[in-house]
Amino acid sequence: MVYEFEVPLARQVEMAIRQMEGELKGMTAGTIVLQVRNDTVGKFGIRHLPVDLAERRATGDAKPEGLTDDSIGELRKAAVESIKRKKSWTHGEVTYDFVIKQGKLYLSVMFESNYNMANVLFHVNHKKMGKKDRSGEH
């Protein structure tokens, strides 16, 4: 028996960030990447940025304060809110760039939509020709 559960994309984003919490804790900068296909999060992960090296030099090698439980919760909430603004595309990538400066979280979001021209041409040609499949059968 096959069960199909539809999980809203916003909930999937929340789940992905919760999965990465251990890695996020203590980070001072990075990019969270979510790859979306058919409104489903597939691959997700973190690109680490070495911003804290410059900060360590400026602070005399003291380790700068990174993400805490509270700031990760703030990041997760902002990520879920931003994904609700995604409209009319089902494939692409979402990136969340974050940095902690003077104990404050700064976050920017970028949506990248992906389309496949082969799919577009295939659908257009079949609509024009009244065909159901490539064999030309109706």
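All values below were derived from every heavy atom in this structure, side-chain atoms included, with hydrogens, water molecules and symmetry-related copies excluded. The first residue in the sequence is number 1, and the count goes up from there.
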Revision key, fill the gap. Correct closest heavy-atom pair for A10 and I83 would be CA-CG2, 3.5 Å
Exercise for review: Report yes or no: is the cationic atom of K87 (NZ for Lys, CZ for Arg) closer than 6.0 Å to the six-membered ring centre of W89, at no more than 45° off its axis?
Suggested key: no
**Study point:** Between H91 and Q35, a side-chain donor and acceptor under 3.5 Å
**Key:** no
Exercise for review: Kindly give the heavy-atom pair with the smallest separation between Q12 and T40, and that separation in Å.
Suggested key: OE1-CA, 3.3 Å
Check your understanding: More than 12 heavy atoms of other residues, nucleotides or ligands under 6.0 Å from CD of E112: is that the case?
Key -> yes
Point to revise | Residues clustering with M15 (ILVMFWY side chains joined when closer than 4.5 Å, directly or via others) | key: V7
Review point. Cluster partners of M110, using ILVMFWY side-chain heavy atoms under 4.5 angstrom, listed by chain and number?
Key: none
Practice item. Can you see which heavy atom on A78 is nearest to which on L107, and at what distance? Key: CB-CD2, 3.5 Å
Check your understanding: Would you call K77 and E14 a salt bridge, taking side-chain N to carboxylate O under 4.0 Å as the test?
Key -> no
Review point. Any ion pair linking K84 and E81 (charged N to carboxylate O, less than 4.0 Å)?
Key: yes
Check your understanding: Hey, are the side chains of V13 and Y96 touching, using non-hydrogen atoms and a 4.5 Å cut-off?
Key -> yes
Check your understanding: Under 3.5 Å, is there a donor-acceptor pair between the D97 and T31 side chains?
Key -> yes
